[in-house]
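Take a look at the structure below.
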Amino acid sequence: MRIVIRSGPKIVLLPSLLIIYISSSLFAQDSLQHFLTQGGLKLSIREYAAARTQYQNALRFDSLNVEAIRNLGVIASALGDQEQALVYLQKAYKMQPNDPQLSNNIGAILSEQKKSGEAIGYYEAAVRLDSTKSLYLTNLGIEYLRAGRPQQALGVLKRAQPIDTANPIIYFNMGNAFAAQQMYDSAEYYYERSKAYGGEAPDLFYFLGVVKRNLGKMDGAEEAFKGAVKRNPSYKEALQSLGLLYIRQTKYAEAAKEFEKVVKLDSTFMPGVISLGATYALINRSKEADAILAKLMKADSSLGYRMLTLIQQERVRLPKAK
């Protein structure tokens, strides 16, 4: 979730004589300001339940206070109620349509709900209102990628990069945009830049491994896949890719260990099951290989034949192995 938190203004103290002469109206004004300020303070330290109470109290004095409504949306989102968050934020948006933070925050919720087309509209509005914020540009770029529009993504990410030159998220998504266009040299360059600026996401290392493998850099691919698994031991796609890499190197015992981890994580993941059965056959663990083949044939004979084909392909290659 990529939502911006905005706190309330500071309390303004008024002369005591004014309190005497216009006490009733000023009490309401002071109370509203008090609740907005307290709400902002609680929100800034992520005490969401307390902040929500303060903003709800503020609405008792001004039911159309846009600051309270907007931040109640932020709080609802932080507490996991995205539907309620959207109600608050869209209500605030109708009152304040030229606020780029509101557009960004609505876009973030719609993105999480996988409503990419609608999210793009709000992110584009945020960028039109303020093109100097790398956050808005980056969010728009990421959403373009999700919508399968890598060239447009690259365009806005290139605008974000000079504004926030050390942001690993920007470089990571630039790498994704190039990878989506099969421009692997450029993708590798930007993934490495993301790493250099502190990128630690398992996906970064996995995708780097994929592009290195596509570039024929097997040692680098192995290191990258291991980096993904180190950061997320349950990353079955990275484990599977590592196992397949070992198969290409005819390191069947090492491959089997990776596929065992995959199947332990997800016994219904057929690529892992097929690969495990094949590598068991290739290292002469015939009983286990036969058991897996029987299960595959019973479930779907095409899966069993895929396992047999993999075994045959590798046995043809074995005489050529060093």
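These values consider heavy atoms only, across backbone and side chains, with no hydrogens, waters or symmetry-generated copies.
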Could you check whether any side-chain N or O of [X] sits under 3.5 Å from a backbone N or O of [Y], counting only pairs where one atom can act as donor and the other as acceptor?
{"X": "Thr279", "Y": "Leu276", "answer": "yes"}
{"X": "Glu223", "Y": "Asp219", "answer": "no"}
{"X": "Gln82", "Y": "Glu112", "answer": "no"}

Checking side chain to side chain donor-acceptor pair (under 3.5 Å) for the pair Tyr190/Asn173: CA distance, chi angles, key distance, verdict? CA-CA 8 Å; Tyr190 283 103; Asn173 284 287; over 6 Å; no

State plainly whether the residues [X] and [Y] are in salt-bridge range, i.e. N to O under 4.0 Å.
{"X": "Arg285", "Y": "Glu260", "result": "yes"}
{"X": "Glu254", "Y": "Lys257", "result": "no"}
{"X": "Glu192", "Y": "Lys212", "result": "yes"}

If you draw a 6.0 Å radius around [atom1] in [X], do more than 12 non-hydrogen atoms from other residues or ligands fall strictly inside?
{"X": "Lys42", "atom1": "NZ", "value": "no"}
{"X": "Gln249", "atom1": "CD", "value": "yes"}
{"X": "Ile169", "atom1": "CD1", "value": "no"}

Taking only residues two or more places apart in sequence or in another chain, which ones pass side chain to side chain contact (heavy atoms under 4.5 Å, CB included) with Ala196?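 For Ala196, no residue satisfies side chain to side chain contact (heavy atoms under 4.5 Å, CB included) once neighbours in sequence are set aside.
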
Please report the C-alpha distance between Phe259 and Leu244 in whole Å, then the side-chain angles of each, then the deciding distance to 0.1 Å, and finally whether the side-chain contact (heavy atoms from CB on, under 4.5 Å) criterion is met. CA-CA 9 Å; Phe259 298 134; Leu244 293 174; 4.0 Å; yes

For Val273 and Lys295: C-alpha separation, side-chain torsions, deciding distance, then whether side-chain contact (heavy atoms from CB on, under 4.5 Å) applies. CA-CA 10 Å; Val273 176; Lys295 288 181 181 179; over 6 Å; no

Working for side chain to side chain donor-acceptor pair (under 3.5 Å), residues Ser111 and Arg146: CA-CA 9 Å; Ser111 174; Arg146 287 176 176 162; 2.4 Å; yes

Does Tyr122 have its ring centroid less than 6.0 Å away from the ring centroid of Tyr93?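 Distance test on ring centres: under 6.0 Å, yes.
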
Heavy-atom side-chain contact between [X] and [Y] under 4.5 Å:
{"X": "Val156", "Y": "Gln152", "answer": "no"}
{"X": "Asn105", "Y": "Ser77", "answer": "no"}
{"X": "Leu140", "Y": "Ile120", "answer": "yes"}
{"X": "Asp290", "Y": "Lys287", "answer": "no"}
{"X": "Met174", "Y": "Arg193", "answer": "no"}
{"X": "Lys261", "Y": "Lys264", "answer": "no"}
{"X": "Arg70", "Y": "Asp99", "answer": "yes"}
{"X": "Glu188", "Y": "Lys217", "answer": "yes"}

Would Gln151 and Tyr144 count as having a side-chain donor-acceptor pair, cut-off 3.5 Å?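 Looking only at side-chain atoms, Tyr144 and Gln151 do not form any donor-acceptor pair under 3.5 Å.
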
Kindly determine whether Leu296 and Ile292 satisfy side-chain contact (heavy atoms from CB on, under 4.5 Å), including the steps that lead there. CA-CA 6 Å; Leu296 290 172; Ile292 291 174; 3.9 Å; yes

The criterion is salt bridge (charged side-chain N to carboxylate O under 4.0 Å, His left out); which residues satisfy it with Asp300, sequence neighbours excluded?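 Not a single residue meets the salt bridge (charged side-chain N to carboxylate O under 4.0 Å, His left out) criterion with Asp300.
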
Nearest heavy atoms of Ala68 and Leu59, plus distance in Å: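 Answer, listing the atom of Ala68 first, then Leu59: CB-CD2, 3.7 Å.
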
If Ile, Leu, Val, Met, Phe, Trp and Tyr residues are connected whenever their side-chain heavy atoms lie under 4.5 Å apart, and connections chain through other members, are Val74 and Ile45 in the same group?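 Each belongs to a different hydrophobic cluster.
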
Any chance you could lay out the side-chain contact (heavy atoms from CB on, under 4.5 Å) test for Tyr191 and Leu204, step after step, and finish with the verdict? CA-CA 7 Å; Tyr191 288 146; Leu204 167 61; 3.7 Å; yes

Could you pull out all donor-acceptor pairs under 3.5 Å where a side-chain atom in residues 227-235 meets a protein atom, sequence neighbours excluded?
from   : atom 1 : to     : atom 2 : distance (Å)
Arg231 : NE     : Glu200 : OE1    : 2.5
Arg231 : NH1    : Gly227 : O      : 2.9
Arg231 : NH2    : Glu200 : OE1    : 3.1
Asn232 : OD1    : Ser234 : N      : 3.1
Tyr235 : OH     : Asp203 : OD1    : 2.6

